[in-house]
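Report on one structure; see the data block that follows.
To find a chain, count down the sequence lines: A is the first, B the second, and so on, and within it residues start at 1. Computation of the quantities below employed the complete heavy-atom set of this structure, encompassing side-chain atoms and omitting hydrogens, waters and symmetry-equivalent molecules.
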2 protein chains.
Amino acid sequence: MQESESGRRVTLADVAELSGVHTATVSRALNPAARLKVAAETVRRVEAAAHALGYVPNVVARGLRKRASMTVGVVIPDLTNPFFPPVVRGIEDYLQVHGYTALLANTDEDDDAEEALVTSLLERRVDGLIMATGRHGDRPVLRRLQASGVRTVMVNRDASPLPFPLVTGDDALGIAAAVAHLHDLGHRDIVHIAGPLDLSTSLVRADAFTAAVRARRGIRGRVIEASALSVMAGSEIAPFLLADSPPTAVVASNDLLAIGVLRALKAQGRSCPEDLAIVGFNDMPFAEDLQPPLTTVHVPGQAMGTAAARLLLDALAGDAPGAGAVVLPTSLIVRGSTGPVRR
Amino acid sequence: MQESESGRRVTLADVAELSGVHTATVSRALNPAARLKVAAETVRRVEAAAHALGYVPNVVARGLRKRASMTVGVVIPDLTNPFFPPVVRGIEDYLQVHGYTALLANTDEDDDAEEALVTSLLERRVDGLIMATGRHGDRPVLRRLQASGVRTVMVNRDASPLPFPLVTGDDALGIAAAVAHLHDLGHRDIVHIAGPLDLSTSLVRADAFTAAVRARRGIRGRVIEASALSVMAGSEIAPFLLADSPPTAVVASNDLLAIGVLRALKAQGRSCPEDLAIVGFNDMPFAEDLQPPLTTVHVPGQAMGTAAARLLLDALAGDAPGAGAVVLPTSLIVRGSTGPVRR
DNA sequence: TTGAAAGCGTTACCAA
DNA sequence: TTGGTAACGCTTTCAA
């Protein structure tokens, strides 16, 4: 029998009354850990009563008492960026198995929004935070988090100089592979389209690009900074690529930027990879179905999410200070958007 | 001055002590609604104290007292399905503006997982639920929700016979447009690849297909039911399409299925739209960048999310019983995957 | 093995 | 306008 639709929710007290014992006893009987210390017969009676009343424990009340909400805040820039859904799934799946729930928040790369969201999450007493909105520089939000003592893990983007544990992909490796691949195909004039350079990911990739180019003789490597990690930003960069001394290949800091370039290229009636070879980054879902199929660096988004969640929960459980960094491998996936340099 | 890193969190009592008033007064001074009934001077003192201590209200405790968690459960099949991120964003954005937070849960179309997740959300005393996992049939989860009295809104998929309010796209309209488009192009033998027919969306689309075909003379229209709304399921269907009496065009129940067919087609060395015209459904992000660009029915996912959140919050605010259904318009987007019938 | 009582951090009611 | 008290639903110590 469930509680009636309009009826008051049933509480421990109700169960206690029906089973003729004290609420404390009900609490113990229903708690797997403490159940041992309760007479088997009592446990049976309590469980029967709880079931009969359709009792649903109030985790919020429990949390208030135990000072743990069993809740984790997940702050990302934009769920609509195809890189993030797998990350969030990874986080969620891990949390769920361990009894935690995710509170999701999108900042849209807006600092004020982020402030407000973090405030809201703190007010909700999340036990920990996973942030995918790291940027370089000593930002107030992160300082606040640090001061508040709420366990925080960064995913994908770093937040130095603040010392939060970080889960990331081996971006440098991926970029190096991309440059090597293009070099092997005969490309000697390559442009890297970087994301905003205050994002650690952008910076790491740009630096890796420069290093990779420098490590090979006879390559010209230029870096252009895009205004955002978006399709539009990619399209806006394109004219510069196609102007005076156009490169034969481009390595973009993410797939969105690559798609932007691709669109602009098509709009001009040029084709990829013949007129311009393009390498993306992230291997977003369906990158293989694009026109042309996108050569890109695969980043294990879901695994990154899982790792971040694990790092956080470990820190929450033990009082381990939280590891420094977890770096997951990346790999270049060669598809149709790259080919031998023309002539 | 923030509380120290390891220090106890600061509470109303701390603020009360520092400002020399009772906790009840602090509560009132900090509550915008009750602030009026507090001396301006007191308000100022309290605010100063709160600020000085870095006081962060405990929304959980407040919720316990007010019997409202300001929290909404969002249950979707799989965040990794590109249809859902925009929906979730729509929900989130609306909730956030209104002071609510979303608890996200993925069921992976698994009934047991769904049961467990809903239980967990109920234990967390969500004020309402938005479910994108509707199916036809009188499922226990939904019965439970109904019995629990927790306000619930369905998005995208219906859950009849259970009478939950529903926000959906005008699928029939979209399918009709697709069939008309193919007919205009000369196609006379069209197959509809339906999703599992216990999903309301699949059923509605299949019925609309049959009706649209019937409304035109001289078209042969067949319906094949796929095992899931996934790329793989689409690929598995493809052999049947390419066998004995192949149609000249296909209308898929969603984009994933369409992509599956596309991949199978390519694997066989056939091409789209020449050998087979394909229409998808949903207009997933980057559908326009696929090879070939996918003709598909645009469904306003984000708007659906927003509408669902609004419906729920309205129901939560007033005691309005919640409207029956909101139907958002869809539209056919013609791109490269459809063309005139060959010969 | 069970009960009593206190307390988690708020808000709401009733008095003053 | 403010203070006191109780209550939200639970867990946990301490006694019995």
From CZ of A:Arg125 across to P of C:dG9 the rounded distance in Å is 8 Å

Closest nucleotide among D:dG9, C:dG3, C:dT10 to the B:Tyr55 side chain:
C:dT10

Distance, rounded to the nearest Å, where A:Asn58 contributes CG and C:dC8 contributes P:
18 Å

Between C:dT1 (C1') and A:Arg45 (CZ): distance, integer Å
12 Å

To the nearest angstrom, the CZ-P distance between B:Arg124 and D:dC8 comes to 23 Å

Nucleotide nearest A:Ala39 (side chain, heavy atoms from C-beta), chosen from C:dT1, D:dG9, D:dT1:
C:dT1

Answer yes or no: does a side-chain N or O of B:His22 lie under 4.0 Å from OP1 or OP2 of D:dG4?
yes

Between C:dG3, D:dT2, C:dT10, spot the one nearest the side chain of A:Thr25, thanks.
C:dG3

Whether A:Arg35 and A:Glu47 form a salt bridge (side-chain N of Lys/Arg under 4.0 Å from carboxylate O of Asp/Glu) is what I want to check.
yes

Partners passing ring pair (Phe, Tyr, Trp, His ring centres under 6.0 Å) against B:His22 (at least two apart in sequence or in another chain)
none

Close aromatic pair by centroid cut-off 6.0 Å: A:His98 and A:Tyr94:
yes

Whole Å only: how far is the CG atom of A:Leu64 from the P atom of C:dA6?
18 Å

When the C1' atoms of the five terminal pairs at each end define the local axes, what inter-axis angle does the helix from C:dT1-D:dA16 to C:dA16-D:dT1 show, to 10 degrees?
40°

My understanding is that only residues two or more places apart in sequence, or in another chain, count here; which of them pass ring pair (Phe, Tyr, Trp, His ring centres under 6.0 Å) with B:Phe84?
none

Could you check whether B:Arg144 and B:Thr119, counting side-chain N and O atoms only, form a donor-acceptor pair closer than 3.5 Å?
yes

Atom-to-atom span, CZ of A:Arg65 to C1' of C:dG7 - whole angstrom
6 Å

Tell me which nucleotide among D:dT12, D:dC10, C:dT10 gets nearest to the side chain of A:Leu12.
D:dC10

Applied to residues 116-128 of chain A, the salt bridge (charged side-chain N to carboxylate O under 4.0 Å, His left out) test, sequence neighbours excluded, yields none

Under a 3.5 Å threshold, yes or no: a donor from one side chain and an acceptor from the other, between B:Glu109 and B:Thr133?
no

Whole-Å distance between C:dT10 P and A:Glu123 CD?
10 Å

Which is true for B:Val59 with a 4.0 Å heavy-atom rule: it touches a base, it touches only sugar-phosphate, or it touches nothing?
nothing

Have B:Gln96 and B:Thr101 got a donor and an acceptor in their side chains that come within less than 3.5 Å?
no

Pairs involving residues 92-107 of chain B, ordered by first then second residue, that meet salt bridge (charged side-chain N to carboxylate O under 4.0 Å, His left out) (sequence neighbours left out)
B:Arg89-B:Asp93

Looking at D:dG9, I'd like to know if its phosphate oxygens (OP1 or OP2) sit under 4.0 Å from a side-chain N or O belonging to B:Arg67.
yes

Could you list by number each residue of residues 26-38 of chain A showing a heavy-atom separation from DNA chain C of less than 4.0 Å, or answer none if no residue does?
A:Arg28, A:Lys37, A:Val38

Both A:Ala61 and A:Thr23 contact DNA chain C. Taking the nearest nucleotide for each, which residue is further toward the 5' end?
A:Thr23

Does A:Glu41 pair with A:Arg44 as a salt bridge, N-O distance under 4.0 Å?
yes

Rounded to whole angstroms, how far apart are NZ on B:Lys66 and C1' on D:dG9?
18 Å

